Novice: 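My structure is below; once you've seen it, I'll send some questions.
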Amino acid sequence: MRSLPKGLADKVAAHLVAAGKLMDTDPEQALVHARYARHRASRIGVAREANGLCAYQMGEWTEALSELRAARRMGGGPGHIAIMADCERALGRPERALELSRGAEAAELVGGEAVELRIVAAGARRDLGEVEASVVSLQIPELDPKLQEEWSARLFYAYADNLLAADRVQEAFTWFVHAAHADDDGDTDAPERLDELVVRLGGDIDADELVAEATAAGPLAVVDADESPLESADDEQRVDASAAEFKDSDTVVDEAATDETESQDSAEETATADRAVKASEPRGDESQ
C-alpha cells in the first residue's frame with residue numbers, strides 16, 4: 001500500500017479488512033468491498049487477490065480467475081492454483097485444470113494446498129469421464145484415516161465421492177464415515193450422504209457393521225503413510241496410464257460392437273441378394 005497516497009491507502013485497507021471479515025458470513029457484501037478496493041488500487045496485488053477470492057466465493061468464476069491470475073503476476077509464487085483450477089472446471093475446461101495441476105508451480109505446493117489441488121484435479125478427471133483414474137489420483141499418503149489434519153475431511157469426502165461415482169458403494173460408505181469423523185467443523189455433508197447409502201446398502205443397518213464388511217471385503221486402495229510417496233511425474237504417469245487403460249478398453253468394446261454390426265449388415269445384404277436372384281428365376285409353369 002506504500003505506493004498509494006496515505007488517505008487512499010487507508011481507505012483501500014479498510015475495505016480489504018471488511019471484505020476479509022465478511023467473506024464467510026456475507027460473501028455478497030464482501031465482494032462489494034473487494035471490488036471497491038480493486039477499483040481504487042488495481043496495481044496492488046493484495047487488492048486483486050482479495051477481489052479474486054471474494055468472486056470465487058460468489059461463483060463469479062471468470063472474474064475470480066482473471067483477478068487471481070493478475071495477483072500471481074504481481075506477486076509471483078504458486079498461490080491459489082487450486083482455486084484457479086477449480087474455476088477452470090466450473091467454466092467447463094477440465095483440461096486446463098489438469099494443466100495447472102501439472103505445472104512447475106504446482107510442484108511447489110505442500111500440505112493443505114497440495115491436497116486441495118489433488119482434489120480439484122481428481123474432479124477434472126471425473127469431468128472427463130476418467131472416473132477410475134480420479135480414484136487412483138487421490139490414493140496418496142495423506143489419505144490416511146489416522147490423520148486428522150485441517151484438510152483430512154475434504155480429502156476423505158472427495159475420495160468417497162469418487163468411489164461412489166465408480167460404483168464402489170461399500171468402500172465409499174467407509175470413507176464417508178472417515179470424512180464424518182474428521183469433519184469437526186461440519187464443512188461437508190458426510191452424515192447426510194451416509195444416511196443415503198445406508199438405505200442403498202440394504203436398509204437400517206448399523207453403520208459400524210457396514211464399515212466392517214467393507215473393510216473385510218478387501219484391502220483399501222490407499223498408499224501407506226509410512227511408504228515413500230511417488231514422485232509427482234511418476235504419479236501423474238500412473239494416473240494417466242489408468243485413464244488410458246479404461247479408454248483403450250472402451251475402444252475395444254466399440255470396435256467389437258462395430259465388427260458385430262458390420263457382420264450382421266453383411267449377412268442381411270447376402271440374404272437380400274439371394275432373394276433377388278430367386279425372384280428373377282423363371283418358375284417351372286412359366287417356362288413351359
Side-chain angles (χ1 to χ4, degrees), residues 1 11-94 96-101 103 105-106 109-124 126-127 138 149-158 160-162 179-180 182-193:
M1 295 293 182
K11 184 175 290 188
V12 169
H15 281 278
L16 291 176
V17 170
K21 289 183 175 180
L22 293 171
M23 188 179 295
D24 294 329
T25 58
D26 190 353
E28 184 175 1
Q29 193 60 32
L31 182 55
V32 172
H33 286 287
R35 282 173 173 168
Y36 177 87
R38 185 256 188 232
H39 176 69
R40 299 302 303 272
S42 61
R43 296 185 179 181
I44 303 299
V46 68
R48 306 297 290 269
E49 179 184 28
N51 191 177
L53 294 176
C54 290
Y56 176 76
Q57 287 285 90
M58 285 297 297
E60 299 289 345
W61 315 119
T62 301
E63 179 181 1
L65 188 57
S66 175
E67 294 302 303
L68 291 176
R69 281 174 176 166
R72 192 171 67 164
R73 285 196 302 270
M74 294 174 180
H80 306 303
I81 289 182
I83 292 178
M84 294 170 65
D86 203 31
C87 288
E88 295 285 12
R89 276 193 67 203
L91 291 169
R93 301 190 295 244
R96 293 190 184 181
L98 287 175
E99 287 175 8
L100 281 172
S101 72
E105 291 180 334
L109 298 177
V110 295
E113 290 184 335
V115 170
E116 287 293 334
L117 184 57
R118 278 276 187 168
I119 293 172
V120 175
R126 187 167 153 187
D127 293 342
L138 292 177
E149 304 290 346
E150 59 180 357
W151 35 259
S152 293
R154 280 183 46 75
L155 176 59
F156 300 163
Y157 185 96
D161 199 39
N162 282 287
D183 191 4
D184 295 331
D185 298 327
D187 293 332
T188 71
D189 64 344
E192 289 78 5
R193 301 296 296 274

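Since we're looking at a predicted model, the values are computed, not measured.
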Novice: Salt bridge or not between R35 and E63? Use side-chain N to carboxylate O under 4.0 Å.
Specialist: yes
Novice: Measure across A37 and A47 and return the closest heavy-atom pair with its distance rounded to 0.1 Å.
Specialist: O-CB, 3.9 Å
Novice: Does any part of the side chain of E88, heavy atoms only, come nearer than 4.5 Å to the side chain of V120, both counted from C-beta?
Specialist: no
Novice: Just wondering, more than 12 heavy atoms not from E192 lying within 6.0 Å of its CD?
Specialist: yes
Novice: Using the rule given for side-chain contact (heavy atoms from CB on, under 4.5 Å), can you reason through H80 versus R72, listing the C-alpha separation, both sets of side-chain angles and the distance that settles it, and then say yes or no?
Specialist: CA-CA 9 Å; H80 306 303; R72 192 171 67 164; over 6 Å; no
Novice: How long is the span from the CG atom in D86 to the CG atom in L100, to the nearest 0.5 Å?
Specialist: 11.0 Å
Novice: On a heavy-atom basis, which atom in E49 and which in L68 lie closest, and how many Å separate them?
Specialist: O-CD2, 3.9 Å
Novice: Using a 4.5 Å cut-off on heavy atoms from C-beta on, say whether the side chain of R96 contacts that of R89.
Specialist: no
Novice: So how far is it from L109 CG to S101 OG, rounded to the nearest 0.5 Å?
Specialist: 10.5 Å
Novice: Does S42 offer a backbone N or O that forms a donor-acceptor pair with the side chain of R48 under 3.5 Å?
Specialist: yes
Novice: Measuring from D183:CG to T188:OG1, what's the distance to the nearest 0.5 Å?
Specialist: 3.5 Å
Novice: Okay, side chain of N51, backbone of E67: is any donor-acceptor separation there less than 3.5 Å?
Specialist: no
Novice: Taking the side chain as every heavy atom from C-beta outward, state whether I81 and E105 have any pair of such atoms under 4.5 Å apart.
Specialist: yes
Novice: Any idea which heavy atoms bring A106 and L117 closest together, and the distance?
Specialist: CB-CD2, 3.5 Å
Novice: Taking only residues at least two apart or on different chains, which pairs with a member in residues 48-79 satisfy ring-ring contact (aromatic ring centres under 6.0 Å, His included)?
Specialist: Y56-W61
Novice: Output, in order, the C-alpha distance, side-chain angles, deciding distance and verdict of side-chain contact (heavy atoms from CB on, under 4.5 Å) for R154 and D187.
Specialist: CA-CA 8 Å; R154 280 183 46 75; D187 293 332; 5.5 Å; no
Novice: Give, for atom CG of L16 and atom OH of Y36, the distance between the pair rounded to the nearest 0.5 Å.
Specialist: 11.0 Å
Novice: Nearest 0.5 Å, please: how far is CD in E28 from CG in L31?
Specialist: 8.0 Å
Novice: Taking the side chain as everything from C-beta on, heavy atoms only, tell me whether R38 gets closer than 4.5 Å to V12.
Specialist: no
Novice: Minimum heavy-atom separation for L65 to L91, with atom names?
Specialist: CD2-CD1, 4.2 Å
Novice: Between A64 and C87, which heavy-atom pair has the shortest distance, and what is it?
Specialist: CB-SG, 3.9 Å
Novice: Sequence neighbours excluded, which residues qualify as side chain to side chain donor-acceptor pair (under 3.5 Å) partners of D189?
Specialist: Y157
Novice: Using every non-hydrogen atom in the two residues, find where D24 and Q57 come nearest and quote the distance to one decimal.
Specialist: OD1-NE2, 4.0 Å
Novice: Using 0.5 Å steps for rounding, measure from the CD atom of E99 to the CZ atom of R93.
Specialist: 10.5 Å
